Each structure stands twice: as C-alpha cells, then as structure tokens.
Amino acid sequence: MQFDTYPNDAATGVFYATRARKEEILNYIHSLAVTKGQTNHSLGFEYAFQMLYQLQNISVITEQNPIQFIYATRGLLTNLSDTMHVLQVIANGQRQLIDPIVIHTCAVITDEKRIMYEKQFLADIATQNYTK
C-alpha cells in the first residue's frame, strides 16, 4: 500500500478496510512476486502480534474499533511439525491482547506445486485450532 497516499493510516501502519480500498488491496496483492524461498510463518505472526500489541497500547484497537487481518500465503511448510510452533506463536500473541483478533487466511495457489497439507494448515490458523 502507498503509505504517502494515506498519511493518517501510515502513522499507525493500519489501513481501514473500506470498499474504496478493496481494488487497491487486490492490485497490491497481485503485484507481489512469488519466490522460491521458505516462509517463516512463526516470525511473521510474531511480528504481526507485536504490532497489534503496540496498536492496542496506543488505543488504536478498541472494542469499538476491533481489528482483523488477512494472512495471504501459499502455506508451504518446511515440515509438518511447523504447524504446532506457528499455532503456539498465535496463542501467545492472543494472550497479550485484551480481546482476541480474527485471522482470515487466503491461500495463494499456483500451478507449479500440489497442495496437500497447506489447506489444512491455513484452516487451523483461521480457526485457531490448538487441539492438534
């Protein structure tokens, strides 16, 4: 997103989801390049929850102004045991917040690789299924 276009939002790093921004968000997602590198899902969620905790402390996130975020990823895992660590990071992050947040997952699917466990991994994140 163009931070200079929305200076008020850029101050907090959070962009309010409006219908007017839907096309801009989709264009931004479509402009991203696919790489061959591994995704560090745990590190991504640690960063996200750190930012959310800071936003909560400066009262950007309130009961009247809740927050949800979209996790767009191919969901590729180095090994299946990574799922447990990612969910542990999410659980720890949720504990720091006054009110839990909703995580929406968006699977990025390409023709080059079959999807087997990735859909289940993203479903576990979205439902925050800690029983596994």
Side-chain angles (χ1 to χ4, degrees):
M1 302 289 295
Q2 298 296 320
F3 287 115
D4 54 348
T5 306
Y6 306 103
N8 293 338
D9 295 346
T12 61
V14 174
F15 291 85
Y16 290 93
T18 64
R19 287 186 180 272
R21 292 201 184 135
K22 179 181 177 182
E23 189 69 30
E24 188 173 356
I25 292 168
L26 288 174
N27 287 338
Y28 175 76
I29 290 171
H30 289 221
S31 74
L32 298 174
V34 176
T35 64
K36 299 289 183 189
Q38 294 293 321
T39 301
N40 188 334
H41 301 281
S42 298
L43 183 62
F45 278 108
E46 285 175 10
Y47 176 78
F49 278 104
Q50 179 183 21
M51 185 176 89
L52 292 168
Y53 182 71
Q54 291 170 351
L55 292 171
Q56 175 184 271
N57 286 343
I58 60 171
S59 299
V60 172
I61 302 172
T62 63
E63 193 173 307
Q64 295 77 28
N65 191 27
I67 193 162
Q68 300 179 24
F69 73 86
I70 299 171
Y71 188 57
T73 180
R74 290 177 64 193
L76 299 177
L77 298 166
T78 306
N79 57 53
L80 292 177
S81 65
D82 290 348
T83 302
M84 187 172 79
H85 187 256
V86 173
L87 289 171
Q88 183 64 47
V89 168
I90 292 170
N92 291 340
Q94 292 283 28
R95 275 190 217 104
Q96 293 179 357
L97 301 175
I98 294 169
D99 293 313
I101 58 153
V102 175
I103 302 172
H104 298 281
T105 56
C106 178
V108 178
I109 300 172
T110 62
D111 292 335
E112 66 186 60
K113 192 161 188 168
R114 289 186 59 207
I115 295 177
M116 293 175 63
Y117 304 106
E118 290 80 2
K119 284 184 181 179
Q120 185 59 51
F121 172 61
L122 294 179
D124 290 342
I125 289 173
T127 60
Q128 297 178 42
N129 184 354
Y130 305 115
T131 60
K132 291 186 174 187

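Not measured: the values here are computed from a predicted model.
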(message) Would the distance check show the side chain of Thr73 and the main-chain N or O of Gly75 forming a donor-acceptor pair, the cut-off being under 3.5 Å?
(response) yes
(message) Parallel, tilted or perpendicular: which one describes the rings of Phe69 and Phe49, with boundaries at 30° and 60°?
(response) perpendicular
(request) Go through the side-chain N and O atoms of Asn92 and Gln96 and say whether any donor and acceptor fall under 3.5 Å apart. (result) no
(request) Measure the NE2-CZ distance between His85 and Phe45 for me, rounded to the nearest 0.5 Å. (result) 12.5 Å
(request) Measure the OH-CD distance between Tyr117 and Gln120 for me, rounded to the nearest 0.5 Å. (result) 11.0 Å
(request) Taking all non-hydrogen atoms of both residues into account, name the closest pair between Ile90 and Gln128 and its distance. (result) CG2-OE1, 3.9 Å
(request) To the nearest 0.5 angstrom, please state how far the CG atom of Leu76 sits from the CG atom of Asp82. (result) 11.0 Å
(message) Just to verify, which of Ile70, Leu122, Asp124 counts as forming a side-chain contact (heavy atoms from CB on, under 4.5 Å) with Thr105?
(response) Leu122
(request) Decide yes or no for Gln54 and Ile58: does some side-chain heavy atom of the first lie under 4.5 Å from some side-chain heavy atom of the second? (result) no
(request) Hey, could you give me the CD1/NE2 distance between Ile125 and His104, rounded to the nearest 0.5 Å? (result) 13.5 Å
(message) Do Glu46 and Leu43 have side chains that approach each other closer than 4.5 Å (heavy atoms only, starting at C-beta)?
(response) yes
(request) For Val108 and Ala72, work out which heavy atoms get closest and say how close. (result) CG2-C, 4.3 Å
(message) Run the side-chain contact (heavy atoms from CB on, under 4.5 Å) test on Gln56 and Tyr53 for me, step by step, so that the C-alpha distance in whole Å, both residues' side-chain angles and the decisive distance to 0.1 Å come before the verdict.
(response) CA-CA 5 Å; Gln56 175 184 271; Tyr53 182 71; 3.9 Å; yes
(request) Can you establish whether the number of heavy atoms outside Ile98 located under 6.0 Å from its atom CD1 is more than 12? (result) no
(request) Mind checking the CD1-CG spacing from Ile101 to Leu52? Nearest 0.5 Å is all I need. (result) 4.5 Å
